[in-house]
Enquirer: 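Before I ask anything, let me first share the structure, which is written out below as structure tokens.
Just so you know, residue 1 is the first one in the sequence shown, and it goes up from there. As a basis for the values below, the full set of heavy atoms in this structure was taken, side chains included, without hydrogen atoms, waters or symmetry mates.
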Amino acid sequence: MRKFLVILDDSRECLNAMRFAAMRAAKTGAGVQVLSIIAPDEFNHWIGVGNIMREEARERITVHFEVYAKWMRDRQGVDPELVIREGEAVPEIIAQINENPDIGVLVLGAGSEKNGPGPIISQMMRASATLPVPMTIVPGEMSKDRLEEIT
């Protein structure tokens, strides 16, 4: 089964990427894999404190994921899976794609700020020629109605 890989983070544009991935998956009989990445610099403390912070980060991610997952299940009939990785964002995204042959499309949400679409998209664009899957970039300002029209 083909899966859409979408990145879960704290950005506003993440919502549209989630919507797009779920709607496309529902219409094509695919699945959704949600990837969240914990940056390693969050845990440069004493070992005990770092472990507690890592667990808290995982709990926050799980709660955040469940909001999207409930919507995907209730509205789109898609049951997403959550994957949490630790490391730098772009190498972890590429590793997740390379380790999972079921992933068919990477879906990213583009920010609308003056400084560009966001650091992940900027870095992924440099790596896009060697990606084994296509990348879909969803505008963060696109309306829900427009998303429904194009999916």
Enquirer: Salt-bridged, K3 to E81, with N to O below 4.0 Å?
Expert: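 Yes.
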Enquirer: Run the salt-bridge test on E86 and R58 with the 4.0 Å N-O cut-off and return the result as yes or no.
Expert: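 Counted as a salt bridge, because a side-chain N and a carboxylate O are separated by less than 4.0 Å.
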Enquirer: Any donor-acceptor pair under 3.5 Å linking the side chain of D9 with the backbone of S11?
Expert: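 Confirmed, D9 side chain pairs with S11 backbone.
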Enquirer: Any heavy-atom pair between the side chains of V34 and V83 that's under 4.5 Å?
Expert: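 A side-chain contact is absent here, since even the closest heavy-atom pair is not under 4.5 Å.
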Enquirer: Please determine, by modelled atom types, if S143 and D145 share a side-chain donor-acceptor pair under 3.5 angstrom.
Expert: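 D145 and S143 do not have a side-chain donor-acceptor pair below 3.5 Å.
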Enquirer: Report yes if some heavy atom in the side chain of R19 is under 4.5 Å from a heavy atom in the side chain of L15; otherwise report no.
Expert: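 Answer yes - side chains close enough.
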Enquirer: Taking CZ in R75 as the centre, count heavy atoms belonging to other residues, nucleotides or ligands within less than 6.0 Å. Is the count above 12?
Expert: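 Count not over threshold, so no.
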Enquirer: Inspect the surroundings of CG in D74 and state if more than 12 heavy atoms from other residues, nucleotides or ligands are less than 6.0 Å away.
Expert: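 Correct, the count exceeds 12.
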Enquirer: Has the side chain of R24 got a donor or acceptor atom that lies under 3.5 Å from a matching backbone atom of T151?
Expert: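 A pair under 3.5 Å: yes.
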Enquirer: Given salt bridge (Lys or Arg N to Asp or Glu O under 4.0 Å), test R73 with E66 step by step and report yes or no.
Expert: CA-CA 10 Å; R73 285 188 293 268; E66 281 304 323; 3.2 Å; yes
Enquirer: If you take all heavy atoms of A127 and I94, which pair is closest and at what distance?
Expert: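 Scanning both residues completely, I find the closest heavy atoms to be CB-CD1, 3.9 Å.
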Enquirer: Would you find a donor on one side and an acceptor on the other, under 3.5 Å apart, between the side chain of S122 and the backbone of P119?
Expert: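 Checking the backbone N and O of P119 against the side chain of S122, no donor-acceptor pair under 3.5 Å is found.
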Enquirer: Go through the steps for D79 and M72 under the test side-chain contact (heavy atoms from CB on, under 4.5 Å), then give the verdict.
Expert: CA-CA 7 Å; D79 191 18; M72 287 183 195; over 6 Å; no
Enquirer: Rounded to the nearest 0.5 Å, how far does CD of E13 lie from CD1 of I120?
Expert: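 Atom-to-atom, I120:CD1 and E13:CD are 9.0 Å apart.
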Enquirer: Should I7 and L108 be marked as a side-chain contact (heavy atoms from CB on, under 4.5 Å) after you check the CA-CA gap, both sets of side-chain angles, and the distance that decides it?
Expert: CA-CA 7 Å; I7 309 305; L108 299 172; 3.4 Å; yes
Enquirer: Is E88 close to I37 at the side-chain level, that is, under 4.5 Å between some pair of heavy atoms?
Expert: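 With C-beta onward as the side chain, the pair stays apart.
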Enquirer: Are any non-hydrogen side-chain atoms of L106 and P134 less than 4.5 angstrom apart?
Expert: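 Not touching, per the 4.5 Å side-chain cut-off.
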Enquirer: From F4 CZ over to I103 CD1, what is the distance, rounded to the nearest 0.5 angstrom?
Expert: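 Answer for the CZ-CD1 pair, F4 versus I103, is 12.0 Å.
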Enquirer: Kindly indicate whether the side chain of I137, heavy atoms from C-beta on, has any atom under 4.5 Å from the side chain of M124.
Expert: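 Answer no - side chains too far apart.
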Enquirer: Roughly how far apart are E148 CD and K27 NZ, rounded to 0.5 Å?
Expert: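 Nearest 0.5 Å value for the CD-NZ distance: 7.0 Å.
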Enquirer: Using a strict cut-off of less than 4.0 Å between a Lys/Arg side-chain nitrogen and an Asp/Glu carboxylate oxygen, indicate whether E141 and R146 qualify as a salt bridge.
Expert: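 R146 and E141: not salt-bridged.
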Enquirer: Is it true that a side-chain atom of N16 and a backbone atom of V138 form a donor plus acceptor pair closer than 3.5 Å?
Expert: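 Checking the backbone N and O of V138 against the side chain of N16, no donor-acceptor pair under 3.5 Å is found.
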Enquirer: For the residue pair L8 and L35, establish whether any side-chain heavy-atom pair is separated by less than 4.5 Å.
Expert: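 Counting from C-beta outward, L8 and L35 never come under 4.5 Å.
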Enquirer: Applying side-chain contact (heavy atoms from CB on, under 4.5 Å) to N100 and Q33, what does each step give before you reach the verdict?
Expert: CA-CA 10 Å; N100 293 274; Q33 188 175 84; 4.2 Å; yes
Enquirer: Between R85 and E99, is there a side-chain N and carboxylate O pair less than 4.0 Å apart?
Expert: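 Yes, R85 and E99 are salt-bridged.
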Enquirer: Are W71 and Q76 close enough that some pair of their side-chain heavy atoms sits under 4.5 Å apart?
Expert: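 When only atoms from C-beta onward are counted, Q76 and W71 do touch, with a gap below 4.5 Å.
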Enquirer: Could you check if a side-chain atom of F20 sits within less than 4.5 angstrom of a side-chain atom of V6, using non-hydrogen atoms only?
Expert: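 F20 vs V6: side chains apart.
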